[in-house]
Structure formats: structure tokens, C-alpha cells
Amino acid sequence: MKNESGSDNLGNMEVFNQAESVMGDSFLWSPQEESTIPHGPEDLLHQRGQVTREQLDLANAVLVEQPWAIVIDVLVEQGAISDEVALETKAEYFQMPFRRIPEEQTLDSELTDVLQPQYMRSKMVLPLESNEDGSVVVAIANPEDIFLIDDLRRRLGREVILVVSPPADILAHLAELVGGSDALEKVEEILGELGVEEDSVEVVEEEQGQAEDLEKMAGESPVIRYVNYIITSAVREGASDIHIEPSRKKLRVRFRMDGILFEQSAPPVSMTPAILSRLKIMSKLDIAETRIPQDGRIRVVVQSRNIDLRVSILPTAHGEKCVIRILDGRSITVGLEKLGFRDEMLEEFMHQINQPNGIVLVTGPTGSGKSTTLYSALQVMDRERLNISTVEDPVEYELDGINQVHVRDAIGMTFSAALRSLLRQDPDIIMVGEIRDGETARIAVQASLTGHMVLSTLHTNDAPSTITRLINIGVEPYLISAALSAVLAQRLVRRICPECKEENNELTRRERVFFEHSGHAGKPLYRGAGCEKCRGSGYKGRVGLYELLVVDDELADMISTDPGVNEIREAACRVGMKTLQEDGVLKAIDGQTTIEEVLRVSQA
């Protein structure tokens with residue numbers, strides 16, 4: 001409170017009390033004694049050397065034209081101090097503790113129901129917790145409101161302890177309580193801290209071949225900036241997928257990095273329709289349709305890099321879920337020698353793909369790196385002297401010097417139809433994105449038997465089961481034995497972070513038993529302790545586990561008799577095939593990964 005002359009009555013009273021206690025009845029007022037007592041938060045700043053006398057004079061000069069202004073707020077506007085420093089200083093001046101409110105702070109629903117969101121928003125207050133003595137800790141953003149504590153006591157019916165907290169912290173928790181009305185404010189808060197702008201992601205129009213600013217497509221909105229933020233963040237952190245998953249009470253945004261999903265900051269669940277609409281606009285999907293799945297594609301430029309996004313939208317009980325697959329062209333420029341092949345296996349694989357004819361299959365579950373292996377194989381081939389063609393659904397990466405055909409089932413452009421047509425295009429090497437049915441498999445076999453090298457993928461658990469899978473979809477065993485050259489099964493495991501790598505002497509019982517049965521017991525193993533570089537996970541990046549089955553004469557004779565999977569596996573191991581588990585153990589001993597990872601991705 002200030003009198004007409006602008007001096008602080010509370011400050012003068014403190015001066016009087018302190019002086020009286022020292023001087024007793026002979027108290028005489030002295031201006032020198034008052035000068036050490038701060039008359040406002042700005043004086044505290046000056047006494048501590050956080051602002052200069054010149055900065056104070058400049059701020060006070062504003063009061064001539066704006067007598068209602070507050071000096072410390074003027075200092076913030078002039079850039080002399082930050083908002084947080086100003087708030088901390090106000091808290092100290094009014095003898096209140098300053099406290100940040102963590103994201104994980106749980107609120108007492110009974111207290112928030114009493115105060116009501118509208119009141120808390122207007123007064124910028126937030127009840128944090130109840131103490132054992134019955135008092136309530138309440139965060140406020142304006143410590144200068146001397147009447148607020150009495151109002152809070154009356155409304156809550158309890159003793160109130162005030163703490164000073166930043167408005168952003170209070171707003172963030174209020175946004176979760178009131179949802180839609182504060183959703184945009186929370187998004188603005190997230191984006192304001194990260195500096196994400198509308199033009200940080202550019203959409204590439206395929207028809208015109210030009211980059212177009214997102215602002216022209218959907219107008220200015222925090223939603224645009226938030227979608228740009230999750231895309232740029234995912235690309236920057238090396239994520240392979242973005243998951244946007246609504247539930248009844250919250251929206252969950254997760255990035256898949258090194259095969260594992262990590263949760264990210266997310267806006268309120270009420271923002272879900274707006275975010276999904278923005279993604280639908282970008283991928284040319286029907287905004288009004290929310291009852292059936294939709295798939296789309298977005299070509300964008302992020303930080304001067306061309307990125308393809310595959311968008312899949314699926315209706316769920318709590319709204320539409322969206323998964324975005326990130327296809328970065330830089331990932332296929334990795335040479336085969338950097339994928340994790342052991343030297344002898346790489347040499348044999350290179351020998352197989354350089355044969356004039358035959359079929360080489362790469363198998364594994366979704367996300368195991370099959371496409372990357374095939375693209376890397378195509379990169380090492382002579383594209384000047386060979387006619388190389390691919391049939392893909394969709395074309396994931398565009399390669400120079402290679403004819404790439406996009407499958408469109410809706411108009412009859414299936415794998416089998418495209419492959420049949422390619423055989424009339426004088427090909428040397430054909431890459432089929434995936435063998436899905438018997439017809440495609442039989443055409444691939446015919447192509448290999450007529451002098452073409454065919455590369456393709458198949459979804460099986462390991463290399464030996466690939467042969468029985470081909471038989472099950474209708475390919476005759478004698479055709480498989482004549483056409484199949486090799487099968488490469490693969491998985492991706494996380495690499496140990498090189499920054500926090502250490503020896504691992506703490507295996508679980510399952511890991512220890514598996515390692516002892518591998519025949520390498522006694523050799524040292526390693527792990528990542530966890531650091532900032534690896535987000536505390538102990539892993540950074542991924543490396544492949546491989547199982548290469550080469551069809552020699554003995555195995556070809558066995559395949560023609562329609563053998564079981566175990567027979568094929570035993571025969572392949574007798575001639576030197578290393579299983580996925582064996583390759584994983586060798587990489588664990590080399591310090592590339594852990595036994596835990598090997599067991600996670602493979603059958604033991």
C-alpha cells in the first residue's frame with residue numbers, strides 16, 4: 001500500500017520499529033537509516049546489484065506518463081530483468097516463499113471444486129496441498145494482492161499459506177482442469193518455450209513440385225505450430241514413428257526411438273480433433289470422415305531435409321488415433337558394411353545379391369529394417385549397366401537410376417500385375433517390396449528361373465521358416481529349391497550408449513542361463529549406465545542381428561521333399577549358419593548390445 005506521495009507505509013513502519021528498538025525513548029528519525037530499507041522490490045534488485053541506478057531512473061521516468069505503472073514490471077518490459085527474477089524478488093519483498101509447480105503435481109479435487117476454475121483463473125491462484133494441521137498451501141501469481149489471503153480463507157474455510165508461483169505454472173494445471181477454454185493457452189506456452197514457428201515445416205506439393213507455407217493452407221493457429229513442433233522434434237531426435245493417442249482424460253504423444261516408445265509433452269485432450277484435422281489437411285484426407293480408417297502421405301521439408309511422412313488414422317473409442325511413419329532419405333545412404341553384418345556374413349550376402357539370377361529374401365517383423373537392407377543392397381549395384389526396377393507399396397525412398405513402380409490395389413495395379421508387366425521391360429534386377437500371396441511368389445520364382453535376380457521381403461520369424469511359408473502360400477517345393485538362393489532374417493537391437501558404457505555383472509537369472517547355454521560363459525558383457533546423451537536409457541542407436549541361410553545343393557535337395565522347419569534349421573546350422581541368437585550373443589560380447597536386448601527381439 002502506498003500513500004499519496006508514493007512512499008510505502010509498510011516500509012516506513014518497519015523503519016520506525018527498527019529504529020525505536022535501537023534508540024529507545026530517544027528515537028530521532030534519520031534519513032540515513034531509512035536508506036538501507038527497501039521501499040519496493042526494485043530496491044532489493046538494486047541493493048543486490050541486479051539492476052543499475054541508471055536502469056532504475058529510466059524505469060521511474062516512465063511513471064511520469066504512466067503513474068499507474070509498477071517499477072519492477074517496467075524493468076521487465078525494458079529487458080533489465082526476466083519475469084522469473086521479478087516474481088522471485090516480489091516474493092522475497094513480501095516475505096513469501098517462491099515455488100515452481102512441477103508437471104506431476106497432483107491437485108486436491110475437493111479444493112479445486114470449492115474454488116472453481118473460473119475464480120482460480122481470474123485470481124491466478126491454485127490450491128496445491130493440505131497440511132496435517134488442516135491448513136492449505138495455495139500458489140498465487142500476484143503477491144501484491146493483500147486482500148486475496150482473506151478471500152481465500154473465507155472460501156476455503158481454513159488457514160491459508162501462500163506461495164508465489166509463475167503464472168505459466170498455474171495456467172498449465174488450470175488447463176488440465178478446464179480443458180478446451182485453456183487448451184490454446186497451454187499449447188502457446190509449450191511452443192513459446194521451444195521457439196517453434198509456423199514456417200518451421202514446409203509441405204511439398206507433389207503436383208507442382210513446390211514448397212508451400214503451412215500458414216497458407218490452414219491459417220494462423222497454435223495447432224499448426226504444435227503439429228510442426230512434433231514433426232520437427234521427431235526428426236531432430238531420430239524417431240521412426242509418431243503416435244498420437246487420445247484417451248478419456250488425456251492426449252498421449254509418443255515417439256518411437258530405437259524401437260522403444262517415449263512419451264512427449266502433449267496439449268489437453270480437447271485439442272485432439274484440431275490436431276487430427278491439421279494432419280488430415282496436410283495429407284489430403286477427408287476432414288469430415290471420422291468413422292473409418294484413412295491413410296495418407298505428406299512430403300515435407302524440415303531443417304532443409306526432405307522427409308516423407310506416412311499417416312495412418314484409425315477410429316478408437318476415445319477419438320481418432322494417428323500414427324505417422326517418418327521416412328528420412330538419409331537412412332538409406334548407410335552402406336551395407338555399417339548395418340551390423342559380421343565380415344564373413346557380409347561377404348556371403350554380397351556374393352548372393354551379385355548373382356545373375358535367383359531369389360534373395362529378407363525376412364523379419366515390421367520395423368526390423370528389411371527395407372533399409374534392400375535399399376542398401378540396391379545402392380551397391382551397378383545402376384549404369386543394369387536395368388534395376390522395383391515394385392513397392394508405397395515407394396518409400398526415391399533412388400537415382402532405378403525404375404520404381406508404385407502399387408495401387410484399388411485400380412488393379414497389384415504386386416503380381418506390376419511384376420508381370422516388369423518382366424516385359426527387359427529387367428536385370430527386380431526388387432519386390434513384399435511377397436504377400438501365392439501369385440506374386442510364383443511370378444517371382446518364374447522371373448528368377450528365366451534369368452533375373454529378384455530381391456524381396458517376407459514376414460516370417462526366422463530364415464528356415466521362410467521356406468515353409470512359401471510352400472504354405474502355394475509355391476511348389478521343387479520350384480523353391482530351384483529358384484531360392486538365400487534368406488536373410490534380421491532384427492534390430494539397441495546399441496549400448498558409448499558415452500556411459502560399462503561392464504555388466506548384474507544379469508537376471510533368465511539372461512544368465514541363456515548366456516551360459518550359448519557356450520560363451522565367462523566372457524565379459526557390457527551395458528549403458530544411463531546419461532544425458534541416451535536419455536538415461538543406456539542405449540543410443542540400433543544395430544542389426546542377422547541370420548543368413550544359403551541354399552546349397554544339399555539343402556536344395558531337402559527342400560524339394562517338403563521338410564519341416566526344424567529339419568531345415570539343423571541342416572543349415574550344420575553348414576555354418578549362425579542363428580539370430582548366436583549373432584546377438586557375439587554382438588553382446590563385442591560390447592555393441594546387451595543380452596537383455598537379444599532376448600527382447602528374438603526367440604530364445
Decide salt bridge (Lys or Arg N to Asp or Glu O under 4.0 Å) for Asp258 and Arg495; before the verdict, give the C-alpha distance in whole Å, the side-chain angles of both, and the deciding distance to 0.1 Å. CA-CA 9 Å; Asp258 298 334; Arg495 284 184 186 270; over 6 Å; no
State, yes or no, whether a side-chain contact exists between Val493 and Arg542 at a heavy-atom distance under 4.5 Å. no
Would you call Asp308-Arg297 a salt bridge at under 4.0 Å N-O? yes
Provide the closest heavy-atom pair for Tyr526 versus Ala588 in the form atom of the first, atom of the second, distance. CD1-O, 4.2 Å
Does the side chain of Glu392 reach to within under 4.5 Å of the side chain of Val395, using non-hydrogen atoms? yes
Do we see a donor-acceptor contact under 3.5 Å between the side chains of Ser448 and Asn357? no
Do Asp382 and Arg385 sit within salt-bridge range, that is, some charged N less than 4.0 Å from a carboxylate O? yes
Less than 4.0 Å between a side-chain N and a carboxylate O, is that true for Glu554 and Arg574? yes
Between Phe515 and His520 the two heavy atoms that sit nearest each other are CZ-O, 3.3 Å
Taking atom CD1 of Ile242 and atom CG of Leu261, what is their separation to the nearest 0.5 Å? 11.5 Å
Do the charged groups of Arg420 and Glu439 touch, with an N to O distance under 4.0 Å? yes
If I take atom CD from residue Glu289 and atom CG from residue Leu285, how far apart are they, to the nearest 0.5 angstrom? 10.5 Å
State, with a plain yes or no, whether a side-chain heavy atom of Leu492 is found less than 4.5 Å away from one of Val543. no
Run Gln425 and Ser389 through side chain to side chain donor-acceptor pair (under 3.5 Å) and show every step you take. CA-CA 9 Å; Gln425 292 282 317; Ser389 300; over 6 Å; no
Going by an N to O cut-off under 4.0 Å, is there a salt bridge joining Lys280 and Glu320? yes
Do Ser518 and Glu582 meet the criterion of a side-chain donor-acceptor pair at a distance under 3.5 Å? no
Under the side chain to side chain contact (heavy atoms under 4.5 Å, CB included) rule, what do Arg325 and Leu327 come out as? Steps first, then yes or no, please. CA-CA 6 Å; Arg325 168 63 59 89; Leu327 303 174; 3.8 Å; yes
Decide, yes or no, whether a salt bridge links Glu347 with Arg342 under the criterion of side-chain N to carboxylate O below 4.0 Å. no
If you compare all heavy atoms of Ala418 against all heavy atoms of Met413, which two are closest, and at what distance to 0.1 Å? CB-CE, 3.9 Å
Worked check of side chain to side chain contact (heavy atoms under 4.5 Å, CB included) between Leu378 and Leu374: CA-CA 6 Å; Leu378 294 178; Leu374 285 180; 5.6 Å; no
Would Ile429 and Asn387 count as a side chain to side chain contact (heavy atoms under 4.5 Å, CB included) if you check the C-alpha gap in whole Å, the side-chain angles of each, and the deciding distance to 0.1 Å? CA-CA 6 Å; Ile429 297 171; Asn387 178 13; over 6 Å; no
If you measure from OG1 on Thr272 to NZ on Lys250, what distance do you get to the nearest 0.5 Å? 11.5 Å
If you define the side chain from C-beta out and look only at heavy atoms, does anything of Ile326 sit under 4.5 Å from Leu309? yes
Indicate whether any N or O donor in one side chain lies under 3.5 Å from an N or O acceptor in the other, for Arg569 and Asn566. yes
Test salt bridge (Lys or Arg N to Asp or Glu O under 4.0 Å) on Lys533 and Glu499; report intermediate values, then the result. CA-CA 7 Å; Lys533 297 286 186 181; Glu499 300 294 330; 5.9 Å; no
Any side-chain heavy atom of Leu599 within less than 4.5 Å of one from Arg510? yes
Beyond-backbone contact of Thr363 with Leu488, side-chain heavy atoms, under 4.5 angstrom: no
Which heavy-atom pair separates Asp393 from Phe415 by the least distance, and what is that distance? CB-CZ, 3.8 Å
Any chance you could lay out the salt bridge (Lys or Arg N to Asp or Glu O under 4.0 Å) test for Glu263 and Arg254, step after step, and finish with the verdict? CA-CA 4 Å; Glu263 193 157 350; Arg254 297 189 291 173; 5.9 Å; no
Member of Ser481, Pro477, Pro563 meeting the side-chain contact (heavy atoms from CB on, under 4.5 Å) criterion with Met558: Pro563
Could you check whether atom CG of Asp343 has more than 12 heavy atoms from other residues, nucleotides or ligands sitting under 6.0 Å from it? no
If you define the side chain from C-beta out and look only at heavy atoms, does anything of Glu547 sit under 4.5 Å from Met577? yes
Between Leu458 and Thr460, does a side chain to side chain contact (heavy atoms under 4.5 Å, CB included) hold up when you go through it step by step? CA-CA 6 Å; Leu458 197 65; Thr460 60; 4.1 Å; yes
Please determine if Glu597 and Arg494 form a salt bridge, counting it only when a charged side-chain N lies under 4.0 Å from a carboxylate O. yes
Could you state the interatomic distance from OG1 (Thr579) to CG (Asp462), rounded to the nearest 0.5 Å? 9.0 Å
Pair Arg383 + Asp400: basic N to acidic O under 4.0 Å: no
Indicate yes or no: at least one non-hydrogen side-chain atom of Leu251 is less than 4.5 angstrom from one of Pro267. yes
Using every non-hydrogen atom in the two residues, find where Cys322 and Leu279 come nearest and quote the distance to one decimal. SG-CD1, 3.8 Å
Looking at Glu506, Glu511, Glu596, Glu503, which one forms a salt bridge (charged side-chain N to carboxylate O under 4.0 Å, His left out) with Arg527? Glu506
Could you give the distance from CD1 (Ile244) to CD1 (Ile230), rounded to the nearest 0.5 Å? 4.0 Å
